[in-house]
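Below, chain A is the first sequence line, B the second, and so on; all start at residue 1.
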Protein chains: 2
Amino acid sequence: MKKDSRLSSVLHALLHMAERDEPLTSDELALCMRTNPVVVRRTMGFLRDAGIVSSARGHAGGWAITADLKTVTLRQLHETLGEPAIFAIGNKQEMPECLVEQAVNAALDTAFAEAEALLLDRFAHVTLADLAEDFARRHRLRSQ
Amino acid sequence: MKKDSRLSSVLHALLHMAERDEPLTSDELALCMRTNPVVVRRTMGFLRDAGIVSSARGHAGGWAITADLKTVTLRQLHETLGEPAIFAIGNKQEMPECLVEQAVNAALDTAFAEAEALLLDRFAHVTLADLAEDFARRHRLRSQ
DNA sequence: TTTTCATGTAACTTCAATTATTACGAATCG
DNA sequence: CGATTCGTAATAATTGAAGTTACATGAAAA
């Protein structure tokens, strides 16, 4: 399976947008994210529908952040993107009649559920402001 | 991407094999696992190479468990299958020059690493014997 | 020894999901 | 008006697991 990198992509885009006050066009974002403008529009559209960013057409149009960086968490972004599947591993059948397979599913489901809960909890405690701060720190380090 | 269900499949196969002392053929396993005999051979081949099962050709041939159920953990099986990717979500670029993307990757990598460590730890504490016991319990419950 | 059964494997196709691309419509501003 | 930019439909490319076909290899039964 190809990995879903939309969360990574929108974070990258949002932080670049946070660095600039003017709107960034899909083409500009696509260039720095090494992807396609249409992919940018498609993905950022979810965030616009959730009120995290705004989009404007025409001259001087593009994408801008409307939400407060401190209030947007990775978990919220993950939900906004439609809560894509986290795991690349899963059960062969979800609702098997076979008791053996039920026992297997139960064991795997428990482990996956715990790992997912931990991941989402970590996501819930990281905001865009945290990432922006970490970027600023890296920037200072490199500028020395 | 299609989810990798090989761990689920081999667990199902192993528990069925544990229930019977005679070897099970690839065709028999494929039937109860709703898959293809060639897929069974391909996947079980990893376990044979790791000494967990044996395979025999010809009459009365097939697959049998050689390892002690108490010593085989889900983690070991996952490793035996080549440690397939656990997550369906990932970074857009693994080694970006862009400092923004480095900050994004660092945050995501930390969260994924913690979730993976938890999952593998859970896997390490579940043995085939545990699953067999859980199956027996389910069997007793349904027989009542 | 011949037949039958079963694994071992290569080669190819199918499948599922993201990502990429092309094309064009719609809105906005100079 | 006309250039710019988003909105979106339709389609292809990509990636890795899973499924399928075909045939060789080896072992036990007849």
So, does [X] get its side chain near the phosphate of [N], meaning an N or O under 4.0 Å from OP1 or OP2?
X      : N       : answer
K2(B)  : dT14(D) : no
K3(A)  : dT14(D) : no
S5(B)  : dA18(D) : yes
N36(B) : dA18(D) : no
T35(B) : dA18(D) : no
S55(B) : dA6(C)  : no

Is there a path of hydrophobic side-chain contacts, each under 4.5 Å between heavy atoms, that joins [X] and [Y]?
X       : Y       : answer
L119(B) : L81(B)  : yes
L29(B)  : V38(B)  : no
L24(A)  : F135(A) : yes

Out of dA13(D), dA17(D), dT7(C), whichever nucleotide has its closest atom nearest the side chain of R6(B): dA17(D)
Side chain of R42(A) - closest among dT21(C), dA17(D), dG19(D): dT21(C)
Side chains of [X] and [Y]: does their closest heavy-atom pair fall under 4.5 Å?
X      : Y       : value
S9(B)  : T35(B)  : no
I89(A) : F112(A) : yes
M17(B) : P23(B)  : no

Round to a whole Å and report the spacing from [atom1] of [X] to [atom2] of [N].
X      : N       : atom1 : atom2 : value
I89(A) : dA17(C) : CD1   : P     : 16 Å
W63(A) : dT5(D)  : CH2   : C1'   : 10 Å
L7(B)  : dA17(D) : CG    : P     : 14 Å
L47(A) : dC6(D)  : CG    : P     : 14 Å
Q93(A) : dA17(D) : CD    : P     : 20 Å
I86(A) : dA17(C) : CD1   : P     : 16 Å
M44(A) : dT8(D)  : CE    : P     : 15 Å
L81(A) : dT18(C) : CG    : P     : 11 Å

Test side-chain contact (heavy atoms from CB on, under 4.5 Å) applied to V104(A) and V10(B), L11(B), D134(B), the passing residue: L11(B)
Nucleotide-resolved protein contact map, nucleotides 22-30 of chain D, B/S/- at heavy-atom distance under 4.0 Å: ---BBBBS-
5′-ward residue of the pair R34(A)/T25(B) relative to DNA chain C: T25(B)
Sugar-phosphate only, base, or nothing, as touched by G62(A) at under 4.0 Å among non-hydrogen atoms: sugar-phosphate
Sugar-phosphate, base or nothing in reach of A85(B), heavy atoms under 4.0 Å: nothing
Atom CD of E94(A): over 12 foreign heavy atoms under 6.0 Å: yes
